[in-house]
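Remarks on the structure that follows.
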Amino acid sequence: VSGAPAPQTAGFGLGRDALPVEIAAWDIDVRPDGAGLPAGSGDVWTGEEVFVEKCAMCHGDFGEAVGRWPVLAGGHNTLSDEDPVKTIGSYWPYLSTVYDYINRAMPFGMAQSLTNDEVYAITAYLLYVNDLVDDDFELSNDNFLEVRLPNEPNFYMDDRATTEYPIFAGDVCMTDCKDSVTITMRATVLDVTPDDGSEGGEEAAEEEPAETEEASVE
Amino acid sequence: VSGAPAPQTAGFGLGRDALPVEIAAWDIDVRPDGAGLPAGSGDVWTGEEVFVEKCAMCHGDFGEAVGRWPVLAGGHNTLSDEDPVKTIGSYWPYLSTVYDYINRAMPFGMAQSLTNDEVYAITAYLLYVNDLVDDDFELSNDNFLEVRLPNEPNFYMDDRATTEYPIFAGDVCMTDCKDSVTITMRATVLDVTPDDGSEGGEEAAEEEPAETEEASVE
Amino acid sequence: AASGVAMVSAKAANAEGDPAIINKQEWNQYLGEGVDARPYGMPSQFESHVRRQDVPWLTADPVSSVNFTPLHELDGIITPNGLCFERHHAGIAEVDPAEHRLMINGLVDRPLVFTMEDLMRFPRENHVYFLECAANTGMEWAGAQLNGCQFTHGMIHNVMYTGVPLRLLLQEAGVKTTGKWIMPEGADASGMTRSIPIEKALDDCLVAFKMNGEALRPEQGYPVRLVVPGWEGNMWIKWLRRIEVGDQPWHHREETSKYTDLLADGQARRFTWEMDAKSVITSPSPQAPITQGPGPLVITGVAWSGRGTIPRVDVTIDGGITWQQARMSGPSLNKSMHRFYLDVEWDGKPMLLQSRAHDSTGYVQPTKEQLRHVRGENSIYHNNSIQTWAVNEKGEAENVEIS
Amino acid sequence: AASGVAMVSAKAANAEGDPAIINKQEWNQYLGEGVDARPYGMPSQFESHVRRQDVPWLTADPVSSVNFTPLHELDGIITPNGLCFERHHAGIAEVDPAEHRLMINGLVDRPLVFTMEDLMRFPRENHVYFLECAANTGMEWAGAQLNGCQFTHGMIHNVMYTGVPLRLLLQEAGVKTTGKWIMPEGADASGMTRSIPIEKALDDCLVAFKMNGEALRPEQGYPVRLVVPGWEGNMWIKWLRRIEVGDQPWHHREETSKYTDLLADGQARRFTWEMDAKSVITSPSPQAPITQGPGPLVITGVAWSGRGTIPRVDVTIDGGITWQQARMSGPSLNKSMHRFYLDVEWDGKPMLLQSRAHDSTGYVQPTKEQLRHVRGENSIYHNNSIQTWAVNEKGEAENVEIS
Ligand code: HEC
Ligand code: HEC
Ligand SMILES: [Ca+2]
Ligand SMILES: [Ca+2]
Ligand SMILES: [Ca+2]
Ligand SMILES: [Ca+2]
Ligand SMILES: [Ca+2]
Ligand SMILES: [Ca+2]
Ligand SMILES: [Co+2]
Ligand SMILES: [Co+2]
C-alpha cells in the first residue's frame, strides 16, 4: 500500500509517442508560408472538370453559388458597400486557406476524399473564376507562394484595446441622460422571426431579411 | 413610462385572499393536540371491515403486512433489538399521526377517498391490533386525546450539538495514525448490489440483505 | 520515463500505426444531424450506462421508492437534472402548472392563494445547494452492504435553484406573533408534510421553480418545490401546494414513524434536520475501477455539509495510517457539494481508500466506529461516516469495513 | 392594497372557490410513475415549448447551421445541457470514445497520442464559463431584425466544465521554445481548426470531457472539446483530435473568410478573440411578454464578459433617460454568465427596456450607435451593443432601435 504525490514538472508519463505514419495521416494543415503543402499540381481546366462534377451543384459552375450555398467568386470592390460579397477573390487574404479548407472539409458530405492534385487543380480553377490567373495556369507546390490574394493587405490585428476600450469606459449617466426617446426601427416590420410553431421561416424567407449572408451565423 | 422600486416592507399585493371554502378543502392536517380533527367516530369492528376491504391486501388482516409492504402492528419491546420492528404500537409517539396519515395518503393509490368516520374506525382498529384498546372501543373526536401511544416518552429533541459535535471536531492525525489495518467486512460477500444490467436484485432478494426494512430508504 | 510511457499507455501503437488514427472514421468524412434534429438534447449513445438506478429489493413497490444518482460517473459539483436521484412516496406527480396553486393559511393575518404567475412576480434568488436524503448511506449502518457509491451515497444531488425567498411569501400573508412553525404540504398523492421552525423558514428557504436554469423536473416537484438548505431532503416538499403556519409542530408521519433516529437504547431523536459533513470517493470506487494499471491516478470525490462550506478534505490510501490533504476544485459555496482531487502515482499495490471532510464549523467527518459508538446500528438515517473502498492489484474496488 | 390585490391576481376566486382547489386533481389521489421508469429524466410535458430553435432562412442547410438557446425561458446562470445552443459545420459528429484519440504534434519535444483513458489520468479542474459565438447578435448589425432574445442573443451557453488544463498536456509533449501558436483540430467532417497563441494555451484553456457534471453532449464535442475561456465560441474546438504547435498562426478559413470583422472602410480586423462585456434582458422580452398586467414585475437578464466578472448592470425602463442599478444574484465567477434582476412596480404604461453591463476591467457595454460609429454595419461578429425592447400597454415586447 503506497502512493507518492504525482510529479508535476517532469511530466506524467501519460500517452505514447505518436508514430510518423500516424502524424502523416492527420497532419494535413497548410499555412500561408507553404508549411504543410504536399507535392502535387493541377491546372485550371482539370480544376473546372472536378469542380463541375463535385462542387458546382452547390457553388455553381463559376463559384457564383446555387441558392443560399456559399459564393466563391466575384464581389470585388464591394467590401465597403452596404452588402459586401466576401469571396476568395474579394476577401480572403491567403491562398493557402483555400487549399487547406477544400482539402479538409469539401466536398460537403464527403470530406477528405480529394487527391492532392485535385485540390491543386480546384484551387487553380477558383483563382481563375476570381480573375486572378489566366486559363492556362497550373498551380503546384513549387509556384504556390507566388500567388498572392489581393485583399491580404486589408487585414490588421485586433485593435479594440486602443480604438474602443478607452471610449467604452468611464463614468455613466444615471439620471436625465436624454431629453426624449423615439423608436427608429421595429423588428416586427420585417417579420422574419420563426413562429413558436417551430416550422416558421418560409414566409420569412420571402420577406428578404436585412442580413441573409450565410456568414451572419458563423 | 415609469416604475418605482417595488415595496419591500408593505408586501407586494400579490396573490389573493384564500376563501374559507378553499381552506376547508385543503386544510386536513391533524396535530397531537387535536387541532384539525374533524367531527366523527368509528369503532373497532367497523374499522376491521373497512381495513380488510381496503388495506389488508397490503398490510395484512391484522397489520402484519403482506410481503414487503409496511407492518402496522406488533414489534413491542424490539426497539433496542438487532432488528427493531417499528409500528404504530411499538414506535409511533402520537395517535394523531395515524389519523392524519391514513386520511391524507391511504389507501395507497386512492388517497383521500375515505370518510372521516372510516378513518376514525380504521384508527380504532389499528389501536386494537396493537393491543392498545379492547374490541368494543369506539374512537371519536371527543375521546381522541385520551388515547396515548406507549412510545411517546422515548422521543427527544436532536441533541447532536452536545452529544456529537464536541467529539467530532478538533485536530486530526495525519501520519502514523495506526499500526495496522485489517478488513473486517466485505460487501461482495452479501452480493445484494443490482447488476449493471439494471434488472438485477432478484438474486439479491434471496440473499437476505442485512437491512431490508422498507424504512431504510425513507 | 520512456519505459513507463509504454507501460501506462492504453493502446501501444504497432509499426503500422493505430487503426483509429490511420483509418478514417465515419464522423471524419460524413455529415451528422443538423440543428433542427434535437430541440432538446440527450447524452451520447455511448453514455447509456450513466443512469439513475433503483435497488428492487429495497421496497415493496417502485412507486414509493428511491433511485440513485450515478455519482461514480459524474464530476464537478453540478448534478445534471436528468440524473438527480428520485425519491417519491406516490410516484411522479405530473402537475399541470395552470392548475397548480400555493395556499398559505393558519396563523397569518391574511390567508392567500398564489398561482404560478403570482410567484413569478416576487423577487428571486439563485443558490446552489445539495439535497441529501436523510437515509443516504442508511443501508450501511449494520455493515458494508452495497457495492458502489451510486448505491451507498447516491441519494444526493447538487443543483442551482432559482426561487422566491419563502420569507417574502410569509411576509405577504403576515405571520402572527404566535406563528412558530410552518407545515409545507405537497400536491402529490402522498400529500407529503413536514414541520419546520419559523426561524429556518424566514432564514434561507426558497420556493423554487427552476433547477439548473430550467423548470424543475416532475421528479423534483414541478412546478414548485421547497428548498430547505442544508436540511434533510424529505423536508424539501415537492409539488408544494400549501404552507400552514402554526404554533406547534405537527409530528406527522415523516417526522415520527420515519426520519427519527432510533438509538441503541431504544430511545429516538426527533427533528434531526441538519445534514452533517460527509464525503465519499467517487472514483476509484466499485463501479469505477482503475482500468489503466499502475501510474498516474486521479482519486476524486465529493464532500458537503449542511452547516457551511468544506474548506478541507483529507484522503488516505492506506486505510488511515497516513492522510494527505486533497485539492479542492470548483466554487466553494455554502451548503453545496464540493469536489476534491488527490493526484497520485499508483504503484499497483492494494489500497484502502477513505476521505474525511472538514466543514467550516470545524466539524470533522467521523468514522463508522465513532458514529456507531454514539448511535448504535439501528439509526437508519444520518449515516455520515467515513466510507472505505478496498482496491486490489487489478484496480477493482470493493465496499469494505476496516479495523 | 386590497383593490390592488384583486387587480393583479391571475385568477380571482368566486364564492364557490377556485375549482383547481375545490376539486381534487388526478395527481392528488392516484399514483404516478415509479423510480424505475426514468433512468434519465426529461422535462415536464408542460415545458415542451422550451427548446432550442433554428432560423431556417439563415443558412442553406441545417447541417451547417446554428440553433439558439431559449434564454427567455431560463433563469439563474447554468444552461442545462439539453438546451445549450448548437453550432456545427458538418452536423453532430457521433464519436465513439473508444475510437477517439488526441494527438499533439509539431514543435514539441515528443509528439504524443492520448486515449480518453489517458486524459482521465491527468489532474482535473472545474470552472464555469460562458461560450458565446462571435456571431451572436450578428443579425442585428443592420437593424432590429429578430423578435426574441432567443434569436438575438441565444448563441450563448454557460456551463461548468471538468477538464485537464491544456498546459499539462502541452508540458507532457514539451513545447519547443519556437512554439508560439497552437492549432486545435476537430474530428468531425468539417475538420475545424483555429490558431491560438501559446500564452492563452498555457494560461486557462481546458481540455474538457464533462459539462455540468456529466459527459459532454455530442452536440458540444463529445468525448472531448477545447475550452477557451472568454474567447469566441468557434475557437472551442469540439471533438478535439489534434493539437499542433507551430511558430506562426495558420490563417485558416474560420479566421480569415469567417470570424474577421469587416469595418466600414473595407478593412478587416483579424484575431478578434475576446468577447467584450454584454448583457440582455431575457424577461420581459418578445417571447416572454408581461401576462399579468400592472403591478409587481421582475425584470431579469444575463450579463457576461470575456475579460472578467460583471460587478454591475444598469437597467432603464424609459429608453435610457433614467437608469437604475440592478441586483446581481448568484455566484459571480470569472468569464461566466451573471444573473441580474430589477424588481419594479409596473404602472401599465409603455416601457423601453435596456440593460448595460459593466465588467471588472471598467469597460461599459456600448450602445449600437457607439459600436456602429467605430465599426460600421458590416461587422457581423462581436455585436455586444445594448439591446432595446419596447413594451406596450398590453405587456407585449418588441425588438426595436431607439434614438
Ligand atoms: C452539398 C453542398 C456542397 C458541395 C457539393 C460543396 N460545397 Fe463547398 N460549401 C458548402 C457549404 C455548406 C459551405 C459552408 C460550410 C460551413 O462553413 O459550415 C461550403 C464552403 C465552401 C468554401 C468556403 C466558402 C467561404 O466563403 O468560406 C469553399 C472554398 C468551398 N466550399 C469549396 C468547395 C469545393 C471546392 C467543393 C467541391 C470539391 C465544394 N465546396 C463542394 C457546400 C458544398
Ligand atoms: C396497494 C398497497 C397499499 C394499500 C392498499 C394500503 N397501503 Fe398503507 N402503505 C402502503 C405503502 C407502500 C406505504 C408506505 C408509503 C410510503 O411511505 O412511501 C404505506 C404506509 C402506511 C402506513 C404508515 C406505515 C408506517 O410505518 O409509517 C399506514 C398507517 C398505512 N399505510 C395504513 C393503510 C390503511 C389504513 C390503508 C387502507 C385504508 C392502507 N394503508 C392501504 C401500501 C398500501
Ligand atoms: Ca502541420
Ligand atoms: Ca450554373
Ligand atoms: Ca450588411
Ligand atoms: Ca390545519
Ligand atoms: Ca392475512
Ligand atoms: Ca438493524
Ligand atoms: Co433527520
Ligand atoms: Co472575433
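Order of the sequence lines sets the chain letters (A, B, ...), proteins ahead of strands, with each chain counted from 1.
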Which atoms of C:Val55 approach chain B - backbone, side chain, both or neither, heavy atom under 4.5 Å: both
More than 12 heavy atoms of other groups within 6.0 Å of B:Asn77 CG: no
Any side-chain donor near an acceptor of the partner, C:Ser257 and B:Tyr101, under 3.5 Å: no
Check: C:Glu244 side chain, B:Asp27 main-chain N or O, donor-acceptor pair, under 3.5 Å: no
Residues forming a side-chain contact (heavy atoms from CB on, under 4.5 Å) with B:Ser113, sequence neighbours excluded: B:Pro107, B:Met110, D:Gln29
Chain B contacts, top residue of C:Asp265, C:Thr388, C:Thr316, C:Thr193 (heavy-atom pairs, under 4.5 Å): C:Thr193
Criterion side chain to side chain contact (heavy atoms under 4.5 Å, CB included) on B:Asp100 and C:His251, from CA distance to verdict: CA-CA 10 Å; B:Asp100 178 87; C:His251 295 287; over 6 Å; no
Pair B:Val181-C:Ile321, side chain to side chain contact (heavy atoms under 4.5 Å, CB included): steps then yes or no: CA-CA 8 Å; B:Val181 185; C:Ile321 297 173; 3.8 Å; yes
Nearest-0.5 Å distance that lies between atom CE in B:Met185 and atom CD in C:Glu140: 8.5 Å
Contact winner vs chain C - B:Cys173, B:Gly170, B:Gly67, heavy-atom pairs under 4.5 Å: B:Cys173
Contact summary for B:Asp29 and C:Trp250, nearest pair of heavy atoms: OD2-NE1, 2.7 Å
Reported CG-to-CZ distance for the pair B:Asp158 and C:Arg270, which is rounded to 0.5 angstrom: 10.0 Å
Top of C:Ala268, C:Gly191, C:Gly106 for chain B proximity - count of heavy-atom pairs under 4.5 angstrom: C:Ala268
Salt bridge flag under 4.0 Å for residues B:Glu164 and C:Arg269: yes
Interface residue of largest heavy-atom contact number with chain B, from C:Arg356, C:Gln365, C:Glu255, C:His358, under 4.5 Å: C:Arg356
Which portion of B:Pro153 sits near chain C, non-hydrogen atoms under 4.5 angstrom: backbone
Contacting region of B:Val98 [heavy-atom separation from chain C under 4.5 Å]: neither
Under 4.5 Å from any heavy atom of chain B - which part of C:Arg312: side chain
Toward chain B, the part of C:Tyr363 with a non-hydrogen atom under 4.5 Å: both
Contacting moiety of C:Asn105, where chain B heavy atoms sit under 4.5 Å: side chain
Region of C:Ala390 in contact with chain B, defined by heavy-atom distances below 4.5 Å: side chain
Inter-residue atom distance B:Ser80.OG - C:Gln267.CD, 0.5 Å rounding: 10.0 Å
pair C:Val374-B:Arg160: side-chain heavy atoms closer than 4.5 Å: no
Atom pair OG1/CD of B:Thr188 and C:Glu398 - distance to nearest 0.5 Å: 3.0 Å
Which portion of B:Tyr156 sits near chain C, non-hydrogen atoms under 4.5 angstrom: both
Region of C:Pro286 in contact with chain B, defined by heavy-atom distances below 4.5 Å: neither
Which portion of B:Cys58 sits near chain C, non-hydrogen atoms under 4.5 angstrom: neither
From CA spacing to verdict: side chain to side chain contact (heavy atoms under 4.5 Å, CB included), B:Asp17, C:Leu112: CA-CA 4 Å; B:Asp17 292 337; C:Leu112 292 175; 3.9 Å; yes
Structural part of C:Glu185 lying under 4.5 Å from a heavy atom of chain B: side chain
Nearest non-hydrogen partners of B:Ala111 and C:Ala189, listed with the distance: CB-O, 3.2 Å
Winner by heavy-atom pair count (cut-off under 4.5 Å) against chain C, out of B:Phe155, B:Phe108, B:Trp26: B:Trp26
Largest heavy-atom contact set with chain C, pairs under 4.5 Å, which of B:Thr163, B:Val172, B:Ile167, B:Thr78: B:Val172
Donor-acceptor pair, side chain of B:Thr182 and main chain of C:Ser403, under 3.5 angstrom: no
Contact leader toward chain B among C:Asp61, C:Asp276, C:Asp314, where contacts are heavy-atom pairs under 4.5 Å: C:Asp276
Heavy-atom closest contact (C:Arg253 atom, B:Trp92 atom, distance): CG-CH2, 3.8 Å
Smallest separation among heavy atoms of B:Pro194 and C:Pro56, with atom names: CG-CD, 4.4 Å
Contact class of C:Asp109 relative to chain B, heavy atoms under 4.5 angstrom: neither
Minimal non-hydrogen separation, B:Ala187 against C:Gln145, with atom names: CB-O, 3.5 Å
Between OG1 on residue C:Thr272 and CG on residue B:Asp159, distance to nearest 0.5 Å: 10.0 Å
Partner chain C: residue of B:Gln112, B:Met157, B:Arg104, B:Lys178 with the largest heavy-atom pair count (under 4.5 Å): B:Arg104
Main-chain N/O of B:Ile183 paired with C:Glu401 side-chain donor or acceptor, under 3.5 Å: no
Considering all heavy atoms, the nearest B:Met174-C:Gln325 contact: CE-N, 4.0 Å
Heavy-atom pairs under 4.5 Å with chain B, option from C:Gly376, C:Gly362, C:Gly320, C:Gly233 with the top count: C:Gly320
Residue part contacting chain C, namely of B:Tyr91, when any heavy atom lies under 4.5 Å: side chain
B:Lys86 NZ to C:Thr260 OG1 distance, which is reported to the nearest 0.5 Å: 5.5 Å
Under 4.5 Å from a heavy atom of chain B, the part of C:Gln370 involved: both
Side chain to side chain contact (heavy atoms under 4.5 Å, CB included) evaluation trace for C:Gln150 with B:Thr193: CA-CA 10 Å; C:Gln150 177 167 22; B:Thr193 309; over 6 Å; no
Heavy-atom contact with chain B under 4.5 Å, split by part of C:Arg307: side chain
Segment of C:Arg241 engaging chain B (4.5 angstrom heavy-atom cut-off): both
Residue selection (most heavy-atom pairs with chain B, distance under 4.5 Å) from C:Thr322, C:Thr256, C:Thr367, C:Leu371: C:Thr256
